Amino acid sequence: NAGVMQNPRHLVRRRGQEARLRCSPMKGHSHVYWYRQLPEEGLKFMVYLQKENIIDESGMPKERFSAEFPKEGPSILRIQQVVRGDSAAYFCASSLRSGAFTDTQYFGPGTRLTVL
Amino acid sequence: KQEVTQIPAALSVPEGENLVLNCSFTDSAIYNLQWFRQDPGKGLTSLLLIQSSQREQTSGRLNASLDKSSGRSTLYIAASQPGDSATYLCAVSADTGNQFYFGTGTSLTVIP
């Protein structure tokens, strides 16, 4: 059973470009979470999605960031018009049941975004 | 808002030593606490999950304890090995909400 898969593993963008990060949850998992790890900081929750629904986006920046988890295919975290401050590691996690308090979350290897 | 602190930020020990990593959190209304391991450039590996009703969990050479009322958890590693070198992260989930709150981690180096 493959774990959580994220691609690309490394992504380099110039300021103003768009970044698309993809996450495929573990087989059978329909709950996906995105976290961001800034340099020298802990992981910070961004958004929680179920298939076709955003459940909690309280950690998402109000502008330029969006996330989706379509019925078919991976979850996508999209960052428009990237700035240098977006450089970070972005981790995706998935769980079998809903919410952190009912089940453990399994993390992917992360996508390391560098904005030049 | 939940704040999670891990002390020390970095730790270096000779191989074979037993060691303790500390985690504290400000809001005791948690549902569970989880310890993760993060290797450089890699994702997170779950080590131990402690439900709020539990006081400890053990897996091999690892033992994690939870004192919910005082807002503290410890991760005990017995007979440390060079392969244990990594960053160890503590995360708590609130009994409402959908996220884990992470500490900034303890970077452990075990010297052969």
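Keep in mind it's a predicted model, so treat the numbers as computed, not measured. So that the names make sense, note that chain A is the first sequence line, chain B the second, and so on, each numbered from 1. Scope of the values below: all heavy atoms of this structure, side chains included, with no hydrogens, waters or symmetry mates.
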Notebook entry, point to check: Same hydrophobic cluster for A/Leu38 and A/Phe107, using side-chain heavy-atom links shorter than 4.5 Å among ILVMFWY?
Noted result: no
Next item on the list: Evaluate whether atom CE of A/Met60 has more than 12 neighbouring non-hydrogen atoms of other residues, nucleotides or ligands under 6.0 angstrom away.
Entry: yes
Checklist line | Heavy-atom neighbours of A/Gln81 CD exceed 12 at 6.0 Å | finding: no
Note to self: Quick check on B/Gln6 against chain A: is it the side chain, the backbone, both or neither that has a heavy atom closer than 4.5 Å?
What the structure shows: neither
Next item on the list: Answer with side chain, backbone, both or neither: which region of A/Gln6 has an atom nearer than 4.5 Å to a non-hydrogen atom of chain B?
Entry: neither
Checklist line | Atom CZ of B/Arg55: over 12 foreign heavy atoms under 6.0 Å | finding: no
Next item on the list: Count the heavy atoms of every other residue, nucleotide or ligand shown that sit under 6.0 Å from CZ of B/Arg61, and state whether that count exceeds 12.
Entry: yes
Checklist line | Check: B/Phe100 main-chain N/O paired with A/Tyr35 side-chain donor or acceptor under 3.5 Å | finding: yes
Checklist line | Least distance between heavy atoms, B/Leu44 atom then A/Phe91 atom | finding: CD1-CE2, 4.0 Å
Next item on the list: Between chain B and each of A/Met46, A/Gln37, A/Arg9, count heavy-atom pairs under 4.5 Å; write down the option with the most.
Entry: A/Gln37
Check: Can you say whether B/Tyr101 sits under 4.5 Å from chain A via the side chain, the backbone, both, or neither, judging by heavy atoms?
Finding: neither
